[in-house]
Number of protein chains: 2
Amino acid sequence: MPTRGEAIAELVVLLPMFMKTLLEGLETIAGLNVSEKKALMCICKHEGGTMSEYSKRLGLAKGSFTTVADSLEKKGLVERVLGSDDRRKWVLVLTQKGNRIAREIDTRFKQHITAKLARLSEEDLEKLQQALETIVATMEKLHERRYG
Amino acid sequence: MPTRGEAIAELVVLLPMFMKTLLEGLETIAGLNVSEKKALMCICKHEGGTMSEYSKRLGLAKGSFTTVADSLEKKGLVERVLGSDDRRKWVLVLTQKGNRIAREIDTRFKQHITAKLARLSEEDLEKLQQALETIVATMEKLHERRYG
DNA sequence: AACGAAATGTTAGAATTCTAAGCAATGTTG
DNA sequence: CAACATTGCTTAGAATTCTAACATTTCGTT
């Protein structure tokens, strides 16, 4: 009989497949790749963050996020701004066009997920939501500082 | 107030971050990259599957999985075998060495996850396990054929 | 102030993954 | 059976991401 940790390990490896299931068929928008879309959404929800913050949120290496930010800037969707007294730090803000596209992506994404889940019962949806909330709460606990 | 589908959409995008949290710090083994390790585990648990099956399970494009299988074969960990009367299909089986390394990866992975979760209470662990089981069950429901 | 250590962001090149086209084998339809 | 579509896998080239090294700025200690 597996320990609880082992059982969880077995389950965790299936999460990418779940993501794939939910996301497949999501149409592209405005010549943006997946990371660019995620980044735009992330900047929209947490505007004025630094490069490092966004790269962590998106799970990208710092260098990779530089590429993404360059691309979004070139497309006129975000701007780099010197935002504090720390002259190493750049802050990203959405342009008007970037804001409009971010909203569009958000709307379409939610429609897509809703359509994907349309075959589930209301009870299943409620369970799923609770499960996801549990996972997010767990993640936050794991991020709490060790000594504090 | 968001609909349930919208709420779920908001939560789903946080899953990759959860994965990252759990997996960070996992040491490398035997010069295998992440996909190669996943593939080895997958072949170990579901031996004798076809290339297409594994690529789906791993969430990789078919062409990408060819690369991974090539690499594992070159390293002497798996073998391609003609496994059925359908001469298009290749079947993958582990070599003795591949089997040994797969077990080692499995052990280390479970130890890693267990260590990561060590700070959580038994109650939290139980909730997490249930949440993951709910998600996997949901995925299976979403994979059921539309008409059947 | 001065020194080294750490943090922020960029760059270059390698590694990984994807897309699209192609080949061979099988399935389907008339 | 013949023609066509589909499936399983591979290949080639492009796109994406990673790693490691770097320049700049800030922090911490003396």
Side-chain angles (χ1 to χ4, degrees), chain A residues 16-17 19-20 23-43 46 48-75 78-93, chain B residues 16-17 19-20 23-40 42-43 46 48-75 77-93:
Chain A
M17 217 187 309
M19 292 290 293
K20 203 96 178 181
L23 297 183
E24 73 180 351
L26 184 58
E27 64 211 33
T28 60
I29 286 192
L32 299 180
N33 67 29
V34 175
S35 284
E36 288 167 353
K37 284 197 286 185
K38 283 186 188 171
L40 210 54
M41 296 311 302
C42 193
I43 298 168
H46 311 93
T50 66
M51 304 290 286
S52 293
E53 279 174 47
Y54 293 129
S55 71
K56 276 180 199 150
R57 279 187 197 276
L58 296 172
L60 284 179
K62 271 190 309 180
S64 307
F65 185 70
T66 295
T67 306
V68 173
D70 284 348
S71 172
L72 290 176
E73 195 172 23
K74 187 177 295 177
K75 289 169 182 167
V78 310
E79 281 174 0
R80 279 179 171 86
V81 177
L82 259 178
S84 70
D85 49 355
D86 186 338
R87 283 184 299 170
R88 291 171 304 182
K89 291 186 183 174
W90 290 97
V91 152
L92 293 184
V93 294
Chain B
M17 217 187 309
M19 293 289 293
K20 203 94 178 183
L23 298 183
E24 74 180 352
L26 185 57
E27 62 210 34
T28 60
I29 287 192
L32 299 180
N33 67 30
V34 175
S35 284
E36 289 166 354
K37 284 197 285 185
K38 283 186 189 171
L40 211 54
C42 194
I43 299 168
H46 310 92
T50 65
M51 305 289 287
S52 293
E53 279 175 48
Y54 293 129
S55 71
K56 276 180 199 149
R57 280 187 196 276
L58 295 173
L60 284 180
K62 268 190 309 180
S64 307
F65 185 70
T66 294
T67 306
V68 173
D70 285 348
S71 173
L72 290 176
E73 196 172 22
K74 188 176 296 176
K75 289 168 182 167
L77 305 181
V78 309
E79 281 176 358
R80 281 178 170 86
V81 176
L82 260 179
S84 70
D85 49 355
D86 186 336
R87 285 183 298 171
R88 292 168 304 182
K89 290 186 183 174
W90 290 98
V91 152
L92 294 184
V93 294

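Here the structure is a predicted model, which means the values were calculated and not measured. Here is how names work: the chains are called A, B, and so on, in the same order as the sequence lines, proteins then strands, and each is numbered from 1.
- Residues A:E53 and A:H46 have side chains not in contact (no heavy-atom distance under 4.5 Å, counting atoms from C-beta outward).
- We find the CG-CG distance between B:L72 and B:L92 to be 8.5 Å, quoted to the nearest 0.5 Å.
- Note: B:T50 OG1 to B:R88 CZ = 10.5 Å, rounded to the nearest 0.5 Å.
- Taking every heavy atom of residues 53-60 of chain A and every atom of DNA chain C, no pair lies under 4.0 Å.
- Residues of residues 61-74 of chain A having a heavy atom closer than 4.0 Å to DNA chain C, listed by number: A:K62, A:G63, A:T66.
- Taking NZ from B:K89 and CG from B:L82, the interatomic distance works out to 12.0 Å, rounded to the nearest 0.5 Å.
- Computed from coordinates, the A:R87 CZ to D:dC27 P distance equals 12 Å when rounded to whole Å.
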Please produce a list of atom pairs where a protein N or O lies less than 3.5 Å from an N or O of nucleotides 2-7 of chain D.
residue: D:dT7; atom: O2; partner: B:R88; partner atom: NH1; Å: 2.4

Can I get a per-line list of side-chain donor-acceptor pairs under 3.5 Å for residues 59-70 of chain B, giving both atom names and the distance, sequence neighbours left out?
residue: B:T66; atom: OG1; partner: B:K62; partner atom: O; Å: 3.4
residue: B:T67; atom: OG1; partner: B:G63; partner atom: O; Å: 3.4
residue: B:D70; atom: OD1; partner: B:R80; partner atom: NH1; Å: 3.2
residue: B:D70; atom: OD1; partner: B:R80; partner atom: NH2; Å: 2.9

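- Residue pairs meeting the side-chain hydrogen bond (donor to acceptor under 3.5 Å, both in side chains) criterion with at least one partner in residues 31-41 of chain A, sequence neighbours excluded, are A:E36-A:S71, A:E36-A:K75.
- Nucleotides of DNA chain C with any atom under 4.0 Å from a heavy atom of chain B span, from 5' to 3', C:dT16 to C:dT26.
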CA sep, side-chain torsions, deciding dist, call: A:V34, A:L23, side-chain contact (heavy atoms from CB on, under 4.5 Å): CA-CA 11 Å; A:V34 175; A:L23 297 183; over 6 Å; no
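- Note that the CD1 atom of A:I43 and the CG atom of A:L58 stand 8.0 Å from one another [nearest 0.5 Å].
- The minimum heavy-atom distance between A:Y54 and A:G48, with the atom names listed, is OH-N, 3.3 Å.
- Computed from C1' positions of five pairs at each end, the angle between the two local axes of the helix from C:dA1-D:dT30 to C:dG30-D:dC1 equals 40°, rounded to 10 degrees.
- At whole-Å resolution of the value, CH2 in A:W90 and C1' in D:dT25 are 13 Å apart.
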